[in-house]
Amino acid sequence: MADMSLKKTPVAEQDPKVRARNFDEVTLGYTAEQAMQEAERCLNCKNRPCMQGCPVGVRIPEFIEKVREGDFAAAYDIIKSTNSLPAVCGRVCPQENQCEGKCVRGIKGEPVGIGRLERFCADYMADKQVQTEKPEPNGHKAAVIGAGPSGLTCAGDLAKLGYDVTVFEAFHTAGGVLSYGIPEFRLPKAIVAAEVENLKKAGVKIMTDMVIGKVFSIDELYDKGYEAVFIGSGAGLPRFMGIEGETLVGVYSANEYLTRINLMKAYKDDHPTPIKNSRSVAVVGGGNVAMDAARSAMRLGAEHVYIVYRRSMEELPARREEVNHAVEEGVEFLTLRNPKAVIGDDEGRVRALECIEMKLGEPDESGRRKPEAVEGSEFELECDTVIMALGTSPNPMLRATTPGLDTDRRGCLVVDENEMTTKDGVFAGGDAVTGAATVILAMGAGKKAAQSIDAYIKGKE
Amino acid sequence: MFRIVRKERLNQAVVLFEIEAPFIAAKARAGQFVIVRANEQGERVPFTIADYDAERGTITIIIQVIGGTTMELDRLGVGDCIKDVAGPLGVATEYGDAKRVAVVGGGVGCAIAYPQAKELTKLGAEVDMIAGFRNKDIIILENEMRAVSKELHICTDDGSYGTKGFVTDKLEELFNLGKKFDLVIAIGPVIMMKFICAVTKKYGIKTIVSLNPIMIDGTGMCGCCRVTVGGKVRYACVEGPDFDGHQVDFDELIRRNGAYKEHEKDHVCRLTGGVRNG
């Protein structure tokens with residue numbers, strides 16, 4: 001009989017007051033006992049609704065069964081057979097919208113802590129020698145552009161099928177958003193590096209410092225013998241508001257702010273990349289990236305960190321868990337406020353953010369109540385740093401240098417149901433196709449593209 | 001890893017590195033840049049490509065040793081490797097159908113003004129170069145510049161060599177002598193480019209400047225390098241680094257390039273290592 005308690009087995013977290021000033025991981029993960037206890041809550045349903053919620057098709061009840069038995073290595077193998085990055089997914093997937101959102105236990109009470117269990121298995125195996133089988137080479141070559149979640153997943157799956165896969169990464173480090181975007185305190189970079197190392201052991205080649213579109217065009221990759229190409233170049237281009245003062249010193253895009261911290265490690269003394277020593281920070285936006293930027297600013301020692309968001313707390317697009325963590329850590333939420341201008345001092349540095357109060361009117365086409373400015377309610381929010389976390393658009397570099405690659409009006413690559421672009425043999429997935437979305441959706445697309453690439457190449461034989 | 005095959009000290013503080021980077025060398029064109037990371041902890045710093053040789057598979061960068069990254073690089077010698085070199089980034093210089101061109105370089109900026117003159121001469125344009133330095137001791141690439149220009153005018157601030165005075169004065173003098181140019185290319189400290197543009201605007205001559213904002217990724221991802229050109233925000237890394245000098249907000253660029261001055265004071269100015277900060 002399953003454990004019928006309505007709550008998930010609690011997981012330890014760093015104390016909010018302490019963690020708000022360090023970059024160590026917030027959530028500490030299950031012990032073996034806790035994991036086995038949580039595994040008891042799984043009903044092992046016949047129709048496996050949780051699996052329908054998983055874009056990479058992890059056989060969830062099967063791995064949980066193994067956790068319940070205490071056979072963690074077997075559990076890990078089951079996860080790993082369909083998911084190339086389990087330690088990552090266990091930490092950053094929005095499980096409430098994916099597997100856990102479909103869990104029967106969630107109808108009355110909390111769903112099974114699938115994410116926590118996945119993380120536990122990956123962490124348990126992290127220091128164990130994992131035997132990686134290298135499959136028989138099938139004699140075919142495929143290229144992957146971008147070593148982010150979609151590219152790594154696609155490459156991992158192709159390698160499993162025996163392909164000779166090379167991933168071309170523009171940065172000096174693989175990982176994409178896992179390395180430059182998601183902060184250390186949510187996803188330690190050593191874990192990303194270990195997952196990348198696992199892929200290399202499985203035969204994936206990774207070439208860093210390779211800006212495709214500049215150093216090679218996609219057509220040149222074909223000349224080099226690659227038979228298919230997957231584009232997972234992400235949604236690189238940060239958006240600004242187009243208001244006055246956005247080029248003042250102290251205005252960052254969230255991408256820049258987070259890249260300085262996560263990829264370049266500006267918070268560490270032995271890394272020379274600088275970052276502003278801020279006293280008071282206004283983060284504009286209400287998504288997960290805004291929460292990451294705000295919580296990072298807190299850890300760098302700011303006295304005040306504000307989230308400025310034009311709708312109310314209910315409409316915040318960030319995950320509830322991220323919002324709660326930010327609140328616990330002392331981030332101040334200025335909802336129903338919208339920036340009008342960034343105000344500078346005589347030296348061109350940020351002095352304040354001029355905002356206006358908003359109220360919610362009738363629902364708009366998205367179904368959310370439309371924020372409207374309250375006339376005459378302008379005020380100045382004193383701050384020395386403004387971080388724009390307003391989303392990103394796909395990087396135009398590849399489409400500008402690749403004839404035949406169609407994009408939609410937002411600049412996103414157009415793909416068919418098999419993730420193939422309008423250029424024969426070129427596939428794409430992740431944010432380059434969808435615009436800014438989640439790690440797991442990008443991984444799902446990479447997985448599907450790997451199957452399509454396999455079918456495409458085999459179909460030509 | 002990118003092996004150094006040649007290292008030459010051009011003056012006390014300016015060093016040339018020829019680096020094995022065959023993929024970049026095959027694609028590079030005048031005006032483009034690379035992002036360099038000296039070592040595992042290093043920051044990402046842009047350097048304009050000073051020369052490239054597809055056959056040898058090498059590119060050349062010329063750096064002024066004034067900050068942390070450039071000091072790290074200067075510690076490396078022939079046979080050593082630079083951790084990361086990514087490129088060629090940015091848009092290559094577009095000369096249009098310019099036939100008579102004045103190329104103006106300031107300080108270490110001459111290191112990338114020179115390849116522009118070389119490229120233009122190769123394309124059949126007639127090139128005059130004006131090269132400015134603080135004094136005689138820090139003059140670089142004199143013979144090379146002379147070889148690719150019809151006339152080379154060297155100016156020094158203190159008059160210890162060539163003409164005493166600024167490059168702006170020399171350019172204005174050439175205009176007054178009735179010299180006709182259909183394009184001016186100015187590369188050097190931001191303040192120099194600003195004043196050159198003030199002169200050429202008066203004479204209505206198109207002027208290309210190569211901007212040197214702070215960058216991180218160099219591929220349009222972070223927006224750190226945004227500059228205001230013609231009232232619009234542009235990303236120097238993907239839309240530049242060349243822009244129409246008459247449209248650039250140079251004062252803003254100077255302010256933005258000073259964003260980490262305090263940080264530099266703490267940690268041996270490790271930020272401004274670009275070739276173009278002469």
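Owing to the predicted nature of the structure, the values given are computational and were not obtained by experimental measurement.
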Applying side-chain contact (heavy atoms from CB on, under 4.5 Å) to A:His172 and B:Lys83, what does each step give before you reach the verdict? CA-CA 9 Å; A:His172 54 266; B:Lys83 183 75 179 61; 5.9 Å; no

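- In this structure, the side chains of B:Cys224 and A:Tyr257 stay at 4.5 Å or more apart for every pair of heavy atoms.
- Both the backbone and the side chain of A:Phe216 come within less than 4.5 Å of a heavy atom of chain B.
- Surrounding CG of B:Asp97 are at most 12 heavy atoms belonging to other residues, nucleotides or ligands under 6.0 Å away.
- Minimum interatomic distance between A:Val249 and B:Ala259 (heavy atoms only, all atoms of both residues): CG1-CB, 3.6 Å.
- Contacts of A:Leu258 with chain B are absent, with no heavy-atom separation under 4.5 Å from either backbone or side chain.
- Looking at A:Glu256 and B:Met221, their side chains never come closer than 4.5 Å, going by heavy atoms from C-beta outward.
- Minimum heavy-atom separation, B:Phe2 to A:Asp209: CE1-OD2, 3.7 Å.
- With a 4.5 angstrom heavy-atom cutoff, A:Thr259 touches chain B only via side-chain atoms.
- Looking at A:Met388, neither its backbone nor its side chain comes within 4.5 Å of chain B, counting heavy atoms on both sides.
- With a threshold of 4.5 angstrom between heavy atoms, B:Arg256 approaches chain A through its backbone and through its side chain.
- Looking only at side-chain heavy atoms (C-beta outward), A:Tyr180 and B:Asp217 stay at 4.5 Å or farther from each other.
- Between B:Arg226 and A:Val251, some side-chain heavy-atom pair lies under the 4.5 Å cut-off.
- Looking at A:Glu169, there are no atoms closer than 4.5 Å to chain B (heavy atoms on both sides), in backbone or side chain.
- Of the atoms belonging to B:Val85, it is backbone heavy atoms, and not side-chain ones, that fall under 4.5 Å from chain A.
- At a 4.5 Å heavy-atom cutoff, the contact between A:Val211 and chain B is made by side-chain atoms alone.
- B:Ala86 approaches A:Ala170 most closely through the heavy-atom pair CB-O, 4.3 Å.
- Distance check, rounded to the nearest 0.5 Å: OG1 of A:Thr247 to CG of B:Asp249 gives 7.0 Å.
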Which is it for A:Lys265 and B:Glu43 under the salt bridge (charged side-chain N to carboxylate O under 4.0 Å, His left out) test, yes or no, and what are the steps along the way? CA-CA 9 Å; A:Lys265 315 222 175 301; B:Glu43 57 183 325; over 6 Å; no

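- Counted within 6.0 Å of CZ on B:Arg6, heavy atoms from surrounding residues, nucleotides or ligands total more than 12; the atom is thus considered enclosed.
- Without hydrogens or angle criteria, A:Ser253 side chain to B:Cys222 main chain gives a donor-acceptor distance under 3.5 Å.
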Show your working on side-chain contact (heavy atoms from CB on, under 4.5 Å) between B:Tyr235 and A:Leu237 and close with a plain yes or no. CA-CA 10 Å; B:Tyr235 287 11; A:Leu237 217 60; 4.0 Å; yes

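- In this structure, the portions of B:Thr219 lying under 4.5 Å from any heavy atom of chain A include both its backbone and its side chain.
- The backbone N or O of B:Arg255 sits nowhere less than 3.5 Å from a side-chain atom of A:Arg349 that would complete a donor-acceptor pair.
- You'll find the side chain of A:Phe171 stays beyond 4.5 Å of the side chain of B:Arg37, heavy atoms only.
- The closest side-chain heavy-atom distance from B:Val233 to A:Glu246 is not below 4.5 Å.
- B:Ile216 contributes atom CD1, which lies 3.5 Å from atom CZ of A:Arg260 (distance to the nearest 0.5 angstrom).
- Not a single donor-acceptor pair under 3.5 Å links the side chain of A:Lys214 to the backbone N or O of B:Leu89.
- Annotation: the span from A:Lys276 atom NZ to B:Tyr260 atom OH amounts to 8.5 Å, rounded to 0.5 Å.
- Within 6.0 Å of the CD atom in A:Glu220, the count of heavy atoms belonging to other residues, nucleotides or ligands exceeds 12.
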